[in-house]
Structure formats: structure tokens, C-alpha cells
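In what follows, a single structure is set out as C-alpha cells and then discussed.
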2 protein chains.
Amino acid sequence: MGSLTEENYIKSIYALSQATGEVFVSELAKKLAVKLPSVNSMMKKLGAKKMVSYAPYKGIRLTEKGKKEALSIIRKHRLAELFLVKIMELGWEEVHDIAEQLEHVDSNRFYNRIDEMLNYPKVDPHGEPIPDINGKIFNDKRIPLSGVNEGVTVRILAVSDDKKSFLDHLNSKGLFIGEKVLVKRKEVYDGSVVLTNKSKTDLMLTHQVAERIWVEV
Amino acid sequence: MGSLTEENYIKSIYALSQATGEVFVSELAKKLAVKLPSVNSMMKKLGAKKMVSYAPYKGIRLTEKGKKEALSIIRKHRLAELFLVKIMELGWEEVHDIAEQLEHVDSNRFYNRIDEMLNYPKVDPHGEPIPDINGKIFNDKRIPLSGVNEGVTVRILAVSDDKKSFLDHLNSKGLFIGEKVLVKRKEVYDGSVVLTNKSKTDLMLTHQVAERIWVEV
DNA sequence: TTAATTTGTTAGAAGCATCTAACATTTTAA
DNA sequence: TTAAAATGTTAGATGCTTCTAACAAATTAA
Ligand SMILES: [Mn+2]
Ligand SMILES: [Mn+2]
Ligand SMILES: [Mn+2]
Ligand SMILES: [Mn+2]
């Protein structure tokens, strides 16, 4: 395990390279709120430690070692979030910031016990999969709510943003993980969608919100 | 709140200055496993921040501000330890190292919730008092087991050492907080004591162990 | 009460993570 | 296909925490 800073770099590289397998220095700098030269230095260091493969002017990739490290941190983050919600009864909108700190706690006892108390859970409070102790991740097929056609009923699987402001917004709309919703209307002009669920009156979400909600048909 | 390093200095200053109100640079250096000049630099910094009062070649004292900070960290440490024992069912011998990490978590929500779940507890798993949210500490009158006379029955209140090796030792002897024991014999030569409790056969403790156990008559 | 010992300080350097300013490369657009 | 824009690198500096080496003050013991 590296320093707290190294862990945060590795976690961000993992997140940002999900799609294409690599990240650019500038993306990473933006995500971590540091300047490009800071990223550049750190890539040299993580390169020397064989956590990333990195060549000047080329994209950054995690090595197998780096990926394993990333998954271990993500596991701890998501277990912590679920623990905070399920055992400590905090809201799903307030656990991310605490988990950002707890994910760096170094104690197998602590995390194995959490895992046990939660009965080896598969997903966190935001619907994101929790890597198992070997770094294996369950992979469902999910699409963004913004991509669902009118008339189709879907189940909310996950959210791709776990910041408080976004989740407060969903709370105010009464949306939650596991809920079934019908896409009643999709506006061509601005991408906004109107949903219904059995009990409630219609619900309008902007594209900005709909694209952050993962669903399965 | 200062850096993690500053927090650890403040906590150690508090612990070591309990008796006399001040600590020497060398004691602090020993406790924190750093060299004297490191302590010296940090004292200048904490002095500038009004956390300690410090003059060259003089003892170090916490200011009121520093004391408040120390008590806040100690509160978090002890709440964490009790949470780990009571809610997460870890052993009292394995929680200190985890609490050393958790005490630096910055989240009122997290700690207030722990406090609530534990029903506003007064003592940690090692019998040490937990400062309340205002830094107030309950103060019992306790004496070391090594100072108890033969023939006297006492109740174990606390241990002054929460390192695993010591608590493993107590576990192996079957001793725990709250237990009543009779001091059957005190050896003049080496200060060792022989105890009895109702159910068990006699128990011998060295002076080294007995002086780390706080009791009330 | 002087000398030896213990304790504490200063000076200067190092590693970590960050920054700004200047420069280099790569990509994109004219 | 060159010029402009975007992206990335290097050099050099800073703040933080630590260190060693050299020196200074305070304490203790002869
Ligand atoms: Mn999160
Ligand atoms: Mn999450
Ligand atoms: Mn402890
Ligand atoms: Mn304790």
C-alpha cells in the first residue's frame, strides 16, 4: 500500500480509465484538482512502483498490480458506504464523504468484519458493485435512463454520481435504487424525461440528471 | 483541526502531561518515535498556532485551545474503540490500532451517530473515560492494583496500556474490566501480586502488569 | 564549584506533494 | 501543410515533516 495521495491517484485513474483503458494527464489533474505537473511527477513515481504504465505524451494505464490496488480501495470505499447506511443508518447522500476517509483505513479485521456484518454484499448504497476480496466485480448490463425509449418500464440499478448535491436532488424527487419507473415522455429538444411510478404523480428529470441514473429494462 | 501529524503530537502531549501539566521534549520524542529536533520544530509550529505554550528549554504545556483539541481527538479514539467492541464485536485487544486511524476521521455525523448508537457511553473498552462533546471527563478515584494491600477486594476499573501485547496477556489470565478480585498476597521482593476471584484458581501477576491495572476499593 | 552528563536548539539537508513559469510535443484547424 | 491551440514536460521553488551534525544550556555528580 502506498501513501494516501498515491491511493487517491490510483483510484481516480481506475475510475477515469474505465471506458477506454487509459486516462490523460489533464483529465486526472482535473479530477484530483491539481495542476498538470503534479500529475506528471506522480506518474513517474507510480511508474517506478509498477502501478501504472506510463510514457511521456502517452495515456496512463494501470498495471495489473495497480488495478488490484484500485479494486482494494474501491472495495473498502463501497463496503464503508453500505455499512454507514445499513448498520449506522445514515442517508445514502451523506456517506460518500465519510467513505472517502474510511477507505484509507488499513485493517483487514475491520473490513472483513464489515463484510461479514453486511453478509458479503454485492452492491453499495448507490448500486455500484462491491469488488470481492479477490477484486472480482459482478457486472450487470445497465444503460443510462437518458437512453431509454418512451413507454418502456425500467428498474433503477445505480447512480453514477454519489455527491451529496445530486443525491439530495434525487431524494427531493423521491427516487431510489430498486424502484421501477415508466419512461412516459422524452423531450427531443433538451433531453429531459418524464417518469411515472405507480403511486406518484409524474416526475420530470433533466438530461443532466437522467444520464447519471443507471437502469435495467 | 490541524494535520494528522499535529493531531498526534497534541494527543501525546495531553497524555504525557497528565501528571505534572507539562512534558519534556525528550519524552515526546520518545513517545512519537521521532528525534528531538522534529519535536522542536513542531513545538514552534504548535506554539505559533496557540495550541501549546512553549519557551526554549522549558516544558511544553497545552493551551486551553490545545486541550480542547486533544480531548476531541481522545473522544473520537475512545468512541471508536467502544464502537468496535460493542457494535462490531472485535476484541478489546485489537481495537486500539484501528482507533488510531479512526480518530482522525473528520465527520460530526459519524461520531455523533456512534455516540448515539452506544447510548452516550462514559467509558471505553479499557475503562478509560470518554470525554463528552464539550470535552468534559468523568473522573473516578482509582489506584493501581500494585498499590492495594493484602486481603483487600477491589474491582478492576481500567488498564493504562491498551497495546495488544498487554491485553493479550490479560486475556490469557482471564482478567477483564469490572471484575472483582481479592489481593491474596503481595511479594515484597519483586512486587508481584497473587489474586483470587470466586471461580478461578489463584492468579499471579508481575509488578509490571499490576501497575498497569487501575482498581477501586 | 567545576566537570561531566543530560537535555534542548540551530543549521542544513532530504523526501513528499504541490505549485508557477517556461518550454516541448501533439493535435486541430485554417 | 503550416499555424494555432491544446496538451504535456521540465526546472525550480515552497511548505511539511523528518533527519544528522554541531553547538548550547541546564542538570547532576565529583
Ligand atoms: Mn462513494
Ligand atoms: Mn457509492
Ligand atoms: Mn486506545
Ligand atoms: Mn482505550
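Worth knowing before you read on, the calculation uses all heavy atoms, side chains too, and leaves out hydrogens, waters and symmetry mates. This is a predicted model, so every value here is computed, not measured.
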Between C1' of dT28(C) and CZ of Phe24(A), the distance in whole Å | 14 Å
How close or far is atom C1' of dT7(D) from atom CD of Glu22(A), stated in whole angstroms?
-> 14 Å
Roughly how many Å is it from NZ in Lys49(B) to P in dG15(D), rounded to a whole number?
-> 14 Å
Assign each of Leu36(B) and Glu6(A) to its nearest nucleotide of DNA chain C by heavy atoms, then name whichever residue's nucleotide is nearer the 5' end.
-> Leu36(B)
Which whole-number value in Å describes the distance from Leu28(B) CG to dT7(C) P?
-> 15 Å
CE of Met43(A) versus P of dT7(D): gap in Å, rounded?
-> 18 Å
Donor-acceptor side-chain pairing of Asp124(B) and His77(B) below 3.5 angstrom | no
Rounded to whole Å, the CD-C1' distance (Glu27(A) to dG8(D)) equals 13 Å
If only side-chain N and O atoms of Asn40(A) are considered, is one of them under 4.0 Å from the OP1 or OP2 phosphate oxygen of dG8(D)?
-> no
Does a side-chain N or O from Lys44(A) land closer than 4.0 Å to OP1 or OP2 of dT9(D), or not?
-> no
Side chain proximity check, Val193(B) to Met204(B), heavy atoms < 4.5 angstrom | no
Between atom NZ in Lys58(B) and atom P in dG8(C), what is the gap in whole Å?
-> 13 Å
Contact under 4.0 Å: Ser26(B) side-chain N or O vs dG8(C) OP1/OP2 | yes
Which nucleotide, dT9(D), dT9(C), dT18(D), lies nearest any side-chain atom of Tyr54(A)?
-> dT9(D)
Phosphate contact (dT10(C) OP1 or OP2) by Tyr57(B) side-chain N/O below 4.0 Å | no
State whether Tyr9(B) places a side-chain N or O below 4.0 Å from either non-bridging phosphate oxygen (OP1 or OP2) of dC16(D).
-> no
Taking His126(A) for its side chain and Trp92(A) for its backbone only, find out whether a donor-acceptor pair lies under 3.5 Å.
-> yes
Residue pair Gln101(A) / Asp106(B), side-chain donor-acceptor N/O under 3.5 Å = no
Side-chain donor-acceptor pair under 3.5 Å between Asn40(B) and Tyr54(B), yes or no?
-> yes
Counting any heavy atom closer than 4.0 Å, what does Ser3(A) reach on the DNA or RNA strands: base, sugar-phosphate only, or nothing?
-> sugar-phosphate
With a 4.0 Å cut-off on heavy atoms, is Ser38(B) in touch with a base, just the backbone sugar-phosphate, or nothing at all?
-> base
Taking CE from Met42(B) and P from dC16(D), how many angstroms apart are they, rounded to a whole number?
-> 9 Å
